[in-house]
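Okay, structure first, notes after.
The model shown is predicted, which means the values in this text are computed figures rather than measured ones. Remember, it's 1-based here, ligands and their atoms both numbered in the order they're listed.
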Amino acid sequence: MTVHVIEESVTTSGGDTAEVDERREPVGRAVVWTAAITALGGLLFGYDTGVVSGALLFLHTSFGNVSSFDKELVTGLLLVGAAVGAFASGRLSDRIGRRPVILLTAAVFVIGVLGAAFSPELWVLIAMRFVIGLAVGSASMAVPLYISEVAPPRVRGALVSFNQLALTMGILIAFLVDYALSSSAAWRLMFGLAAIPAVLLFVGMLTQAESPVWLVTHGQMEEARSVLVRVRSRDHDVDGEIAEISALGQRTSSYRELLRPDVRKVVVIGVLLAVFQQITGINTVIYYAPTLLHQAGLGNSASLLANVGNGIVNVGMTVIAIRLIDKVGRRVLLIGGTVGMAVALFVVAATFAVSGNTLGHTAAIVAVASLAVYTGSFAIGLGPVFWLLISEIYPARIRGKSMSIATIANWGANFVVAISFLTLLNTISNAGAFFLLGFLSLIAVAYFWKKVPETKGLTLEEIEREIAQPTT
Ligand code: BGC
């Protein structure tokens, strides 16, 4: 799909007016390259969240007796670190810029994954998982933020969603690495391999410039001009874009500003999108499904296969989302995808309701297929669209802080679901738990329908004027 973007060479349609329609401008290689490099942050996000399930099985080979609580710490502290990392990088990315934050994030990734790989004691590993979490949380917001500010509006959806694609690939690679290294119990290598994309992210980012939006809002017009010349087509009205950004962007902002009624509206939308993305169960399906299916009677290798199959569906449907997101828009994918998730969850729930917690052969097939439909529906909608929308809907001067609030909400909800899902299964049964997730998906659909704006094709400045401008 990269090729599709790069080679599409559409001429500008100025007609006899001097105005350039930037929606028709060709998209340069430089900007696609920028998106690809920074999306390594997404790959690390996916890999580091995914790899732990396999590594946990072998920690005892180095540390002797590892309790369930220790395992929960190794898994869960990443989520806590991610919330902290998102908070810190929101402040920092408004203050010192997006590029230094991504560089710093890459450096923290390198330290964290190498620290985890070489942990002499279990407590070091636990601490390093928190450090990796800081980087994962920071990358999860800084990368979409940066790409969205560099990308031309016509392909912004696709380029920002490269990050989600890399993320899904990271999860899949983690599953495969875990599988490949399990016979040698090489848990250190499982963690340590992430140093490769982390170093590439750091080196790649050194070749990239600061976001033009950040430069303009910090009065660095000449630098902004030279970046825009590089990432826009030859006919682009660079000065016009700078004037448009500076007309809106004021440099100073505080968290208090997020409470102003006009801004609060979009802050709430971002937070609810974040919470819905998690409480509709994606990570329970991605990480607990194999355990659940195993308990439901599927053999070990069948559960593993279902897992890899699910990962492939996740990647494949994200590719389709990237192709569609700038054509059909965000809302269609978001609402359609979430309806698909609800339907699939109800089918899983009904399957458990009919068969009880142990599934027969046919029921197991229905459950596995429905979980794939669920994952695919997430991957074409709520997965990429959440991260994209929170990089688009906020005014430039508070974009970093607002994105970090939504990102913290996302990691917080992720954590709550992770620690409560198994209890939920035990308390209200598998059928009850999946009905609940289906019901929450329906509420999400209703909310998205009523409140989430369409941003397709608009410049960030147009979005700011139309969606988040003071109403007074
Ligand atoms: C979510 C993650 C999830 C991933 C699955 C992301 O958009 O934020 O929590 O693990 O999608 O592909």
Side-chain angles (χ1 to χ4, degrees), residues 39 41-53 75-76 78-83 85-86 132-133 136-145 147 157 160-175 270-290 307-322 325 330 333-334 337-338 340-341 371-391 403-404 406-419 421 437 441 444:
L43 188 89
L44 284 155
F45 170 172
Y47 185 85
D48 285 315
T49 48
V51 79
V52 69
S53 56
T75 312
L78 180 134
L79 304 181
V80 178
I132 297 171
V136 168
S138 171
S140 70
M141 67 139 289
V143 170
L145 167 63
I147 302 178
V160 173
S161 302
F162 270 19
N163 191 54
Q164 175 74 17
L165 177 62
L167 195 175
T168 58
M169 288 164 60
I171 296 176
L172 184 59
I173 293 171
F175 287 161
V271 167
L272 285 181
L273 273 165
V275 171
F276 279 127
Q277 199 210 34
Q278 294 300 323
I279 62 171
T280 47
I282 185 62
N283 288 309
T284 65
V285 170
I286 292 187
Y287 301 111
Y288 287 118
N307 207 10
V308 171
N310 223 26
I312 293 173
V313 169
N314 199 6
V315 174
M317 292 303 277
T318 309
V319 171
I320 296 177
I322 289 179
I325 209 157
R330 289 52 164 156
L333 296 184
L334 181 66
T338 315
M341 288 163 64
L371 290 177
V373 170
Y374 166 86
T375 305
S377 306
F378 173 89
I380 204 168
L382 199 42
V385 175
F386 159 66
W387 293 108
L388 172 59
L389 280 174
I390 66 162
S391 75
M403 271 192 85
S404 87
T407 308
I408 293 166
N410 190 269
W411 288 107
N414 189 337
F415 182 69
V416 170
V417 174
I419 57 170
F421 190 66
L437 294 178
S441 306

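- No option in Leu388, Val385, Ile320 other than Val385 meets the side chain to side chain contact (heavy atoms under 4.5 Å, CB included) test with Leu333.
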Can you list, pair by pair, the side-chain donor-acceptor contacts under 3.5 Å of residues 406-416, counting residues two or more places apart and other chains?
from: Thr407; atom 1: OG1; to: Met403; atom 2: O; distance (Å): 2.6
from: Asn410; atom 1: OD1; to: Gln278; atom 2: NE2; distance (Å): 3.3
from: Asn410; atom 1: ND2; to: Ala274; atom 2: O; distance (Å): 3.4
from: Asn410; atom 1: ND2; to: Gln277; atom 2: OE1; distance (Å): 2.7
from: Trp411; atom 1: NE1; to: Ser140; atom 2: OG; distance (Å): 3.1

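- Taking CG of Leu273 as the reference point, atom CG of Leu389 lies at 6.0 Å (rounded to 0.5 Å).
- When heavy-atom distances to ligand 1 are checked against 4.0 Å, the residues falling inside are Gln164, Leu167, Thr168, Ile171, Gln277, Gln278, Asn283, Ile286, Asn314, Phe378, Gly383, Trp387, Asn410, Asn414, ordered by chain and number.
- The heavy-atom pair separating Gln164 from Phe378 by the smallest distance is NE2-CE2, 4.1 Å.
- Under the 3.5 Å distance criterion, the side-chain polar atoms of Tyr47 are left unmatched by any main-chain donor or acceptor of Met169.
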(request) Go through the steps to decide whether Leu172 and Asn314 satisfy the test side-chain contact (heavy atoms from CB on, under 4.5 Å), and finish with yes or no. (result) CA-CA 9 Å; Leu172 184 59; Asn314 199 6; over 6 Å; no
